[in-house]
Structures are given as C-alpha cells and as structure tokens.
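What follows is a single structure, written as structure tokens, with notes after it.
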Number of protein chains: 2
Amino acid sequence: MSEYSDARSRFLRLHDALRTRICLLDYPPGSRLSEEALAAEFGTSRTPLRRVLAKLEDEGLVQSQHGVGTIVTDVDPGEMARTYDLRRELAGLVGRLSPVPITDEIIATAIGFLKQGEDLLHHPETRALAKLNMDYFHFGTSLTDNEALREMSERLYYRTARIWLTATAHLDLSDEAAIFVSELRDSLQALRARDAQAAADVRRAHISLCMARVSIVRP
Amino acid sequence: MSEYSDARSRFLRLHDALRTRICLLDYPPGSRLSEEALAAEFGTSRTPLRRVLAKLEDEGLVQSQHGVGTIVTDVDPGEMARTYDLRRELAGLVGRLSPVPITDEIIATAIGFLKQGEDLLHHPETRALAKLNMDYFHFGTSLTDNEALREMSERLYYRTARIWLTATAHLDLSDEAAIFVSELRDSLQALRARDAQAAADVRRAHISLCMARVSIVRP
DNA sequence: AATTGCGGCGTTGTGCACAACCTTGATGCA
DNA sequence: TGCATCAAGGTTGTGCACAACGCCGCAATT
C-alpha cells in the first residue's frame, strides 16, 4: 500500500522537497528556479523535474513563463484573506466529517508536539517554529478519515504557509511561539476529552486569530 | 488577462477535453488511454500530452502505471460518499464566503438554464442532462468571489461527476430531469430574492438528495 | 540625446529515440 | 497434462537535442 515505484517515489520526494523550500522561504517569492540547476542537484534530467514544477504551478506556488523562467509566486493579500476564510471553515469540518476515534496514540503524539513547542519557547527560532507548525498541521488533518477534506486542507495550507513566515519578521517571535504553544495546550485538552469537534474548533479559532495578526502587518 | 500563450491555451484545451470525456463516460472507468493515440488525435507529440495526463492523475481521474498504461480510475463508493459530504458543505459556503452581488445578468443566466432544463423534460437525454448539469455547476460556483472555494468545489465536482451518470442507468431518467428542473426553479427563486445564501442552500440540499438517490443503486 | 532595431544569451517548450517495465502467449520440459 | 521459462510486443518513463521565446545591451539612426 505504501510501496511505490521508483519513479513515483522520486517524484513525491522532489515535490515535497521543493514545496518545503518554497514554504520555508528558502526560495523567496520572485526568485527564479532553474530547471537545469535543480535537475543537476537531484541527479536527474530536466524531464522528471519539469513534472514536479508543473505540479507546483498547479498548486499555485510557482509560475512558468516560456523564455523567462520559473518564478516563485508572490502572495496577493486579498486572495490570501479569502483563502484563510476557507481554511478556517475546513478546519472546523475536520471535527464533523468522518472524525477519527481519538486513541491514546493520538494523544501521545499531541503530547510530543507540545513538548517540542515548549522546548522552542526557551530559544525560539523562526524556521524551527514554522517547521513544527507544518508538522502539526499534518497531524491536525489526520484527525479526519475524509480523504478529500485532508487533501483540500493541505492544498490550501501550503498556499498560505509563507504568509505567516513573512509576517513573523514584523511580529514578535516569542509572542508567536507562546501563542502556538497555547494552541497546542488547548488542542491537547480537547483530545484528552476525546472531543474531536472541540479539537477542530481550537484549530478553527487559532486560524482566525493568526489571520488577524498577519493581516495587521500587511501594508 | 484572458490571453494565454499558445502552449498554455492548448494545455487547458486538452485538459478540459479529456476531463469532459472522462466525466461523460466517453472513457468509462477501466479504459486505457494511449498517449500516442491521443497525441496523434490532437496533433501534438507525447510530451505536451503527458503533462495533461499528469494533471488528470493529480486530480484522481486517471492512473498511470509504468509498462501498463494510463487507466481511467474507478470510483470507490466509500470515498465518494465522503467526497459528497465535503461537496455539500462547500456548496453551503458559497453563500457565506464572499458571495457576489446578484445582478440581473445572473438572474438572466439562471432563467436560461431553466429554459434549457425544461426543454430537456420533453425528450430527456442522459448525456445532454449531464452536460447541462456540468454547466450549471460552474454557474453555481461563480456566485462566490472566493477563488480558492471555486477551485476546490470544481476539483471535487469533477471527481464525483461520473457517479450520477453511472447511477442514471439504474434510475428513471425522467425523474432525474424533473428533479433537476425543480432545483433550477428553486435556485431561480432564491436568486430573484437576491438571497445568495438561500441559493447556496438550495444547491446544498440537492447535493444531499442526489447523494441519497445515487447511493441507493450502489450494491 | 533619445529611440529604434537587432543580435546574442539564457530560459522554457517540444519532439524523438531509447530505456525500463508489464503483459501475454508460445514453447520446451518434467 | 501441468508448469516454468522466455521472448515478443506494447506501454509509460527518461534523456537529449533543438525550437520558440523573452530579456538585455549595443549600436546605428534620427
């Protein structure tokens, strides 16, 4: 089930690598990705790599122009606000559409996230916090069995993930870390109560608050 | 704004053509699409066509296997039910997230759809009804300015569109046409009242009912 | 001095040949 | 007869060479 052919597995690996780099601002908006350079780095030819870039373009993270290059997209504030609107609603749906039964293993995972978050409180790093947030997001979507809902949520997440990271430059990193840890605590409490809807509502509320904080720094 | 380069425009055209064929069951589930044959039909080489097939695979409509072929996917009843669940919720959100102001032009378009639907009542055809339903769906999503919501709704629609068409073989076509026309009437009434949420709720309700009718014929 | 035309350079898009792979059928052997 | 093995044919995946295209700088012209 989890076995893939070499080609597909490499495709997924490259896609995930590039997506992460874009969302962690290793490739900031406006930068140009060279097909040839990336192909050389990953030890393939341009052909398989072009398929990865095509998917990234479909997801709205890059844009290819004939004769110009493949450019990392910038984020339009207005569209981002509407995307956040939808993300908030989808986060709430995770608690209503086919929520998974909350097991001890799930709670243990949540505890693990809280531990990692608390560690970050003492010496907060932007990148580490963003990465933890990304992992925690995947954990959040795994709380529903509705595959379509998971897929759409992730698609929208990666489209907006860069916003927070960009805004953090103008926000207080310690504050952001504290807010994130408090979300982890609220979430853990809901999960201990075996209340999937409450856990989803925690995420929903925090997406709203995050959107509000981020939109303030926007000019 | 609506101008595209030749390459992109052709890509969109091919993608739309193949997607429509799959959803209208010209290519029933399980059939094999030959890259070479399709390339010849559309007058290109395999390279641009492969990009189209890759997108269709990403959308879950086909599945490529090395050395075997590109096969039109079949629909898993369980997953489809969950996808319908999400589609229903998204339809409701169209009325809440950035609904467009309802203009006379929109109402005129709705009247046009109703007229076409009523014409079909006298001599119903499965394919024509499915096509009209597809066009009407796009009209429904155009009632929100939230681009992400439109995109996700369409993505899910095309993933489930074949279900109804398959089920129609076991349902009464005249009944289905009548139900569809009654949806058009309800929808038009809501639009005349300039009530976007009511229009969205009409769609929401009909998606629920459609899901129920379709799931009955499933063994 | 400003502008316009042009040519070089780098980039993405395309076509083709070949590699990798799976299926199928025949064929030889126990 | 049953089965294993292998070869042939067809399909998707890959690599490479070239075409198409846009940008930039230079130079000739007005």
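Order of the sequence lines fixes the chain letters, A, B, ..., with proteins taken first and strands second; residue numbering starts at 1 for each chain.
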Open item on the list: If you define the side chain from C-beta out and look only at heavy atoms, does anything of A:Leu56 sit under 4.5 Å from A:His15?
Closed with: yes

- [ ] Find out whether A:Arg127 and A:Asp26 are in side-chain contact, i.e. whether some heavy atom of one side chain is under 4.5 Å from a heavy atom of the other.
- [x] yes

Open item on the list: Output the rounded distance in Å from CG (A:Asp6) to C1' (C:dA19).
Closed with: 14 Å

Open item on the list: For chain B and DNA chain D, what are the first and last nucleotides along the strand, 5' to 3', with at least one atom under 4.0 angstrom from a heavy atom of the protein chain?
Closed with: D:dG10 to D:dT14

- [ ] Answer yes if the side chains of B:Ser98 and B:Thr144 hold a donor-acceptor pair under 3.5 Å, and no otherwise.
- [x] no

Open item on the list: How many whole angstroms separate atom CG of A:Leu49 from atom P of C:dT11?
Closed with: 14 Å

Task: Salt-bridge criterion met for B:Glu57 and A:Arg8 (N-O under 4.0 Å) - done: yes

Task: Parallel, tilted or perpendicular: ring planes of A:Phe113 versus A:Phe139, cut at 30 and 60 degrees - done: tilted

- [ ] Indicate whether any N or O donor in one side chain lies under 3.5 Å from an N or O acceptor in the other, for A:Arg213 and A:Ser208.
- [x] no

Open item on the list: Any residue in residues 52-71 of chain A with a heavy atom nearer than 4.0 angstrom to DNA chain D? Just list them by number, or reply none.
Closed with: A:His66, A:Gly67, A:Val68

Task: Ring geometry between A:Tyr158 and A:His138 (parallel below 30°, tilted from 30 to 60°, perpendicular above 60°) - done: tilted

Open item on the list: Looking at B:Tyr27, I'd like to know if the NZ or CZ of B:Arg21 sits under 6.0 Å from its six-membered ring centre while staying within 45 degrees of the ring's axis.
Closed with: no

Open item on the list: Expected output is a numbered-order residue list: members of residues 31-38 of chain B with a heavy atom under 4.0 Å from any atom of DNA chain D. What is it?
Closed with: B:Arg32, B:Leu33, B:Glu35

Task: Test: B:Asp85 and B:Arg88 ion pair at under 4.0 Å - done: yes

Task: B:Arg155 side, atom CZ; B:Leu61 side, atom CG - distance, nearest 0.5 Å - done: 9.0 Å

